[in-house]
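To keep things clear, I will list the structure first and then write my remarks on it.
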Amino acid sequence: MSGKEFEIVREFEVGSSQQEVWDAFTTGTGGWLWPMEYEPREGGAGPFGGVVTVWDPPRRLAVRSDDPDALPPRQSLNRLVHEIEPRDGGRRCWVRYAHSGTFTADWANQYEAAARHTDFHLHTLREYLTYFAGRPASFIALEAPAASATPDGFAKLARELGLPVDAWEGARVRLSAAGAELDAVVDFRTPHFIGLRTDDALHRFFGRNHFGGPVGVTLHDFAPQADAKGTEIAWHDWLTRLYA
């Protein structure tokens, strides 16, 4: 299958140990991305029908997938490389995250979407490491109705949340959504994404309408008695009513 290659590389420092970062990339992905499993050996099974090409804990992890049936649409190859380097006597780490592969169509839009999502996901990783490292998470992912895939679809969600237009990163807000009151800190906000952090959860909102898809919502809930099913139903109903 023909296509055009892409590469997205990000490097950053975190105030976490090498082992904490390794665990976040391997066994704790449900706390900041989505649940994924790696067979812990070179040649083992990886996400999206992939194969682990490097397993060197807690320093380097790489995985490759070239199964179009397991990959997202319009992609024929996906590679991820994670490198973790200790700093400051092991109290901090330098992280290099490289995502590359091949898009088979709509290259410019796919690349922009992947790059922007990478920045949001890696920010969420840093929030997880700072506030929730090692805590098990209940993960919920929802896609809004197709009616959300309009130019103002994401702005409509922000208005329904009651998020003030001047509430940027660091602002503390009180919101009402999906039958719950949220006392939260805005930890990320752009025209494409919103991140809200409460004492026991990370709420992520995705303006995928900007890339031709419906709005998305994910929740990483670290509360010991989290009601994942009930929360999922509440958010599903909220999104359905919003975009009816």
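Predicted, not measured: the structure shown is a model, and the values here were computed from it. Scope of the values below: all heavy atoms of this structure, side chains included, with no hydrogens, waters or symmetry mates.
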Same cluster or not: are [X] and [Y] linked, directly or through other Ile, Leu, Val, Met, Phe, Trp or Tyr residues, by side-chain heavy atoms under 4.5 angstrom apart?
{"X": "Val14", "Y": "Phe25", "answer": "yes"}
{"X": "Leu80", "Y": "Trp34", "answer": "yes"}
{"X": "Ile8", "Y": "Leu61", "answer": "no"}
{"X": "Leu161", "Y": "Ile140", "answer": "yes"}
{"X": "Tyr97", "Y": "Leu129", "answer": "yes"}

Under 3.5 Å donor-acceptor, [X] side chain and [Y] backbone:
{"X": "Trp107", "Y": "Glu5", "value": "yes"}
{"X": "Tyr243", "Y": "Lys156", "value": "no"}
{"X": "His236", "Y": "Glu232", "value": "no"}
{"X": "Arg135", "Y": "Phe222", "value": "yes"}
{"X": "Ser148", "Y": "Val215", "value": "yes"}
{"X": "Trp32", "Y": "Ala24", "value": "yes"}
{"X": "Asp221", "Y": "Ala201", "value": "no"}

Rounded distance [0.5 Å steps], [atom1] in [X] versus [atom2] in [Y]:
{"X": "Thr29", "Y": "His121", "atom1": "OG1", "atom2": "NE2", "value": "11.5 Å"}
{"X": "Ser100", "Y": "Arg64", "atom1": "OG", "atom2": "CZ", "value": "8.5 Å"}
{"X": "Glu37", "Y": "Glu39", "atom1": "CD", "atom2": "CD", "value": "10.5 Å"}
{"X": "Arg91", "Y": "Ser17", "atom1": "CZ", "atom2": "OG", "value": "12.0 Å"}
{"X": "Leu71", "Y": "Leu77", "atom1": "CG", "atom2": "CG", "value": "7.5 Å"}
{"X": "Glu85", "Y": "Gln18", "atom1": "CD", "atom2": "CD", "value": "8.5 Å"}

Derivation of the side chain to side chain donor-acceptor pair (under 3.5 Å) call for Thr124 and Arg204:
CA-CA 9 Å; Thr124 303; Arg204 313 285 97 176; 3.1 Å; yes
Restricting to non-hydrogen atoms, name the atom on [X] and the atom on [Y] that form the minimum distance, rounded to 0.1 Å.
{"X": "Phe132", "Y": "Thr198", "value": "CZ-O, 3.6 Å"}
{"X": "Ala177", "Y": "Trp235", "value": "CB-CH2, 3.7 Å"}
{"X": "Thr240", "Y": "Pro145", "value": "CA-CG, 4.0 Å"}
{"X": "Ile194", "Y": "Ala158", "value": "CD1-CB, 4.0 Å"}
{"X": "Leu239", "Y": "Ala144", "value": "CD2-CB, 4.2 Å"}
{"X": "Ala137", "Y": "Gly30", "value": "CB-O, 3.7 Å"}

With a 4.5 Å limit on heavy-atom distance, are the side chains of [X] and [Y] in contact?
{"X": "Trp22", "Y": "His82", "result": "no"}
{"X": "Tyr131", "Y": "Leu202", "result": "no"}
{"X": "Arg60", "Y": "Val81", "result": "yes"}
{"X": "Ile84", "Y": "Gln19", "result": "no"}
{"X": "Lys4", "Y": "Gln110", "result": "no"}
{"X": "Asp227", "Y": "Gln225", "result": "no"}
{"X": "Arg96", "Y": "Val9", "result": "yes"}
{"X": "Val21", "Y": "Trp94", "result": "no"}

Within 6.0 angstrom of Asp199 CG, more than 12 heavy atoms from elsewhere
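Open.
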Tell me whether Glu112 at atom CD has more than 12 heavy atoms from other residues, nucleotides or ligands lying less than 6.0 Å away.
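Correct, the count exceeds 12.
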Run the side-chain contact (heavy atoms from CB on, under 4.5 Å) check on Asp119 and Arg10 step by step: do they pass?
CA-CA 8 Å; Asp119 290 334; Arg10 300 289 186 266; 2.6 Å; yes
So, do Tyr111 and Phe103 have ring centers that fall under 6.0 Å from each other?
no
Under the ring-ring contact (aromatic ring centres under 6.0 Å, His included) test against His192, which residue among Phe154, Phe120, Phe211 passes?
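Running ring-ring contact (aromatic ring centres under 6.0 Å, His included) over Phe154, Phe120, Phe211 with His192 returns exactly one hit, Phe211.
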Parallel, tilted or perpendicular: which describes the rings of [X] and [Y], with under 30° parallel and over 60° perpendicular?
{"X": "His220", "Y": "Phe139", "result": "tilted"}
{"X": "Phe205", "Y": "His203", "result": "parallel"}
{"X": "Trp55", "Y": "Tyr38", "result": "tilted"}

Given the ring of Phe206, does Arg208 sit roughly above its face, with NZ or CZ under 6.0 Å from the centre of the six-membered ring and within 45° of the axis?
yes
Pair Asp67, Ser65: side-chain N/O donor-acceptor within cut-off below 3.5 Å
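Looking only at side-chain atoms, Ser65 and Asp67 do not form any donor-acceptor pair under 3.5 Å.
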Derivation and outcome, side-chain contact (heavy atoms from CB on, under 4.5 Å), residues Leu125 and Leu33
CA-CA 8 Å; Leu125 167 66; Leu33 187 59; over 6 Å; no
Partner of Asp187 under side chain to side chain donor-acceptor pair (under 3.5 Å), chosen from Arg126, His123, Arg197:
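That would be His123.
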With a 4.0 Å cut-off, would you call Arg189 and Glu169 a salt bridge?
no
